[in-house]
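If you scroll down you'll find the structure; I have some questions about it.
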Amino acid sequence: MRFIVDHSVLKRNHKFRSLFAARTISLIGTMITNVALPYQIYHITTSTLMVGLLSLAQLIPLLFTALYGGALADQHNRRNIIIIAEIVLSSGSLLLFWNALNGHNYIWLLFIIAAFMSAIVGLHRPAFDSLKQQILEKKDFAAAGALQNLMRNTTLVLGPAIGGMIIAHFNLPITYLVDFFSFAISLILIFIIGHIPVPSKNIKQPILSALTEGLRYSMSRQDLLGSYLVDFVAMIFGMPQALFPAIAMQHGGASTLGLLYAAPAFGAVMISIFSGWMFKIKRHCAAIAIAASLWGVAIIFFGIVNNFWLMLFFLALAGLFDGISGIFRDILWNETIPHELRGRLAGIEMISYLSGPKLGDTEAGIVASLFGITASIISGGVLCIVGVAACCYYLPKFWSYRSS
């Protein structure tokens, strides 16, 4: 049995190789900014609640644009959508650079820019995720999914670690400028991909009708619905990232902040490297549910322990289980969703895996402000386990799903 992730598709498919490299570079820059923004806001306000509200401000526009972006990705050239979105996102990085460089520290401006960039991500990500399916052969979906998961979590390790070091040793303006250059490099790689046609079986229809069709399809399949809800529940209750700036202040400051953000991704990287065994498993949805429950268990222990290195260990363990869940979700989605619906379903997936952490930040910030950081973390882990069990009970076809 092969245990190491299969990377041969990167050698054989130059379009996927360029897309993979572009996504890697831009995600590293994005992760750097995702550390810098909450750090800047906490540094100004010393409020976990304000950090949580930042995530809420990023979530609200994303809920609208992700679905719209999915419909656009099914009806228009996905490569062109990515190019336009990355140009706009790079301008947002420049605005953050300008604000930090001039020492304004306008909280309201930070919230507006963060919300604006989040809205554009809602148009950007569905095109990126669905373009992968368009340029790959079906036999490569599983390997590409594992590679994407490895890449995504590697950037979650490198990005926060680099961001923390840049903040600690340089300053916030340099941090945002690095994100700008990451978009510039990513754009060059997207141009290298070359021409990509509009999705096959493309039928122009009103956006609202297209969105309705995608939502109806996702609701008709308990396996898909369960994969969205389980991840959503796990992230909204078991993702305490809004508390990381406050925890870092208790354990060394900015230099340890990057370690907290990077630890879950480090665990996911480890399981992604040794993910070959997963391709033999056919109970994809059961694997998703079990992994999400174990994420909650690891988060509980993260809240219980006081030693910083033990905290990092349990965060990494949580990330390992999240990595398992992520690989099985990616396989399920790419193997079973029709190509002509892939963009719209990618928008729905995006709402699931991005809105959960954003709402989770808000929930964690509110609970921490009322009952303390430890109570917020432990209660979130418990609710994560309960929520996953409820999803399996009320969606029996999700739990019993077996790949053909």
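We number each residue from 1, following the sequence as shown. Just the heavy atoms: all of them, side chains too, but no hydrogens, waters or symmetry mates, feed the values below. Not measured: the values here are computed from a predicted model.
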Could you check if a side-chain atom of Tyr394 sits within less than 4.5 angstrom of a side-chain atom of Gln222, using non-hydrogen atoms only?
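SC-SC contact between Tyr394 and Gln222 ruled out.
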Could you tell me if the side chain of Trp295 sits less than 4.5 Å from the side chain of Met239, heavy atoms only?
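When only atoms from C-beta onward are counted, Trp295 and Met239 do touch, with a gap below 4.5 Å.
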Taking the side chain as every heavy atom from C-beta outward, state whether Pro245 and Tyr39 have any pair of such atoms under 4.5 Å apart.
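Sidechains of Tyr39 and Pro245: no contact.
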Got a second to check how far Ile32's CD1 is from Ile167's CD1, nearest 0.5 Å?
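Rounded to the nearest 0.5 Å, the CD1-CD1 separation comes out at 9.0 Å.
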Do Val178 and Ile162 have side chains that approach each other closer than 4.5 Å (heavy atoms only, starting at C-beta)?
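With C-beta onward as the side chain, the pair stays apart.
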May I have the list of side-chain donor-acceptor pairs in residues 319-329 shorter than 3.5 Å, sequence neighbours left out?
from, atom 1, to, atom 2, distance (Å)
Ser325, OG, Arg329, NH1, 2.6
Arg329, NH1, Asp231, OD1, 3.3

Test item: Ser118 side-chain N/O and Ala115 main-chain N/O as donor-acceptor pair under 3.5 Å:
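Not at all, since once roles are kept as given, no pair shorter than 3.5 Å links the two residues.
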So, taking the atom named CG in Leu53 and the one named CZ in Phe111, what distance separates them when rounded to the nearest 0.5 Å?
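Reported to 0.5 Å precision, the distance equals 5.5 Å.
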Decide yes or no on side-chain contact (heavy atoms from CB on, under 4.5 Å) for Thr175 and Gln40, but give the supporting numbers first.
CA-CA 11 Å; Thr175 308; Gln40 186 176 8; over 6 Å; no
When the side chains of residues 13-21 are checked against the rest of the protein, which donor-acceptor pairs come out under 3.5 Å, sequence neighbours left out?
from, atom 1, to, atom 2, distance (Å)
Asn13, OD1, Lys15, N, 3.2
Asn13, OD1, Phe16, N, 3.0
Asn13, ND2, Ile135, O, 2.7
Lys15, NZ, Ile193, O, 3.0
Arg17, NH1, Leu10, O, 2.6
Arg17, NH1, Lys11, O, 3.4
Ser18, OG, His14, O, 3.2

Leu187: what forms a side-chain contact (heavy atoms from CB on, under 4.5 Å) with it, not counting sequence neighbours?
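Counting only residues at least two positions away or on another chain, Leu187 forms a side-chain contact (heavy atoms from CB on, under 4.5 Å) with Ile83, Glu86, Ile87.
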With distance as the sole test, does Thr155 use its side chain to make a donor-acceptor pair with the main-chain N or O of Ile28 at under 3.5 Å?
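Looks like no, no N/O pair under 3.5 Å.
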Grab the two heavy atoms, one from Gly92 and one from Ile113, that are nearest each other, plus how far apart they are.
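Looks like O-CG2, 3.8 Å.
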Under 3.5 Å: donor-acceptor pair, side chain of Thr33, backbone of Thr30:
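Looks like no, no N/O pair under 3.5 Å.
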Hey, could you give me the SG/CZ distance between Cys392 and Phe398, rounded to the nearest 0.5 Å?
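Answer rounded to 0.5 Å: 5.0 Å.
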Could you pull out all residues at least two apart from Phe301 that satisfy ring-ring contact (aromatic ring centres under 6.0 Å, His included)?
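Per chain and number, Phe301 pairs via ring-ring contact (aromatic ring centres under 6.0 Å, His included) with Phe314.
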Going by the rule ring-ring contact (aromatic ring centres under 6.0 Å, His included), which residues pair with Phe266 if we only count those two or more places apart in sequence or in a different chain?
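ring-ring contact (aromatic ring centres under 6.0 Å, His included) list for Phe266, sorted by chain: empty.
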Pairing residues for Ser182 by the side chain to side chain donor-acceptor pair (under 3.5 Å) criterion, not counting sequence neighbours
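With sequence neighbours excluded, Ser182 shows a side chain to side chain donor-acceptor pair (under 3.5 Å) to Asp179, given in chain and number order.
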Residues that Ala114 engages under side-chain contact (heavy atoms from CB on, under 4.5 Å), provided they are two or more places apart:
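If we apply the side-chain contact (heavy atoms from CB on, under 4.5 Å) test to Ala114, skipping adjacent residues, the hits are Leu37, Leu54, Gln58.
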Looking at every non-hydrogen atom in both residues, tell me the closest pair between Phe183 and Ser93 and how far apart they are.
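That closest heavy-atom pairing would be CE1-OG, 3.7 Å.
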Donor-acceptor pairs under 3.5 Å, side chain of residues 363-372 to any protein atom, not counting sequence neighbours: which ones?
from, atom 1, to, atom 2, distance (Å)
Ser369, OG, Gly365, O, 3.4
Ser369, OG, Ile366, O, 2.6

How long is the gap from CD1 on Ile190 to OG on Ser26, to the nearest 0.5 Å?
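The CD1 atom of Ile190 sits 7.5 Å away from the OG atom of Ser26.
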Going through the checks in order, is the side-chain contact (heavy atoms from CB on, under 4.5 Å) test met by Val297 and Ile385?
CA-CA 7 Å; Val297 173; Ile385 298 169; 3.7 Å; yes
Kindly compute the distance separating CZ (Phe191) from OG (Ser186), expressed to the nearest 0.5 Å.
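Answer for the CZ-OG pair, Phe191 versus Ser186, is 10.5 Å.
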Thr336: partners by side-chain contact (heavy atoms from CB on, under 4.5 Å), with sequence neighbours left out
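Checked Thr336 against side-chain contact (heavy atoms from CB on, under 4.5 Å); matches are Arg221, Leu224, Leu332, Tyr401.
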Report yes if the side chains of Tyr68 and Leu123 come closer than 4.5 Å at any heavy-atom pair, otherwise no.
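Result yes, sub-4.5 Å side-chain heavy-atom pair found.
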When rounded to the nearest 0.5 angstrom, what is the spacing between CG in Leu172 and CD1 in Ile174?
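Between atom CG of Leu172 and atom CD1 of Ile174 there are 10.5 Å.
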With a 4.5 Å heavy-atom cut-off, do Lys397 and Asp223 have their side chains touching?
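In short, these two side chains do not touch, never coming nearer than 4.5 Å.
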Of the non-hydrogen atoms in Ser403 and His284, which two are nearest, and what is the gap between them?
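Heavy atoms only, the tightest pair is CB-CE1, 3.5 Å.
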With Phe308 via ring-ring contact (aromatic ring centres under 6.0 Å, His included) - residues at least two apart:
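Testing Phe308 for ring-ring contact (aromatic ring centres under 6.0 Å, His included), a comparison that skips the adjacent residues, returns His251.
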Restricting to non-hydrogen atoms, name the atom on Ala246 and the atom on Ile373 that form the minimum distance, rounded to 0.1 Å.
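Heavy atoms of Ala246 and Ile373 come nearest at CB-CD1, 3.8 Å.
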side-chain contact (heavy atoms from CB on, under 4.5 Å) partners for Pro240, two or more places apart
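Partners of Pro240 by the side-chain contact (heavy atoms from CB on, under 4.5 Å) criterion, ordered by chain and then number, come out as Leu243, Phe244, Ile299, Phe302, Ile377.
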Apply ring-ring contact (aromatic ring centres under 6.0 Å, His included) to Phe313 and list each qualifying residue two or more places apart in sequence or on a separate chain.
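Partners of Phe313 under the ring-ring contact (aromatic ring centres under 6.0 Å, His included) test: none.
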Please give me the minimum heavy-atom distance between Val388 and Ser293, naming the atom from each residue.
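Looking at all heavy atoms of both residues, the shortest contact is CG1-OG, 3.3 Å.
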Which atom of Ala127 lies closest to which atom of Ile82, heavy atoms considered
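Here Ala127 and Ile82 meet closest at CB-CG1, 3.8 Å.
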Are Leu109 and Trp98 packed together at the side-chain level, in the sense that at least one heavy-atom pair is separated by less than 4.5 angstrom?
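With C-beta onward as the side chain, the pair touches.
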Residues Met117, Leu96; criterion side-chain contact (heavy atoms from CB on, under 4.5 Å); working and verdict
CA-CA 11 Å; Met117 294 181 72; Leu96 290 172; 4.0 Å; yes
Is any side-chain heavy atom of Met50 closer than 4.5 Å to one of Ile44?
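They are not in side-chain contact.
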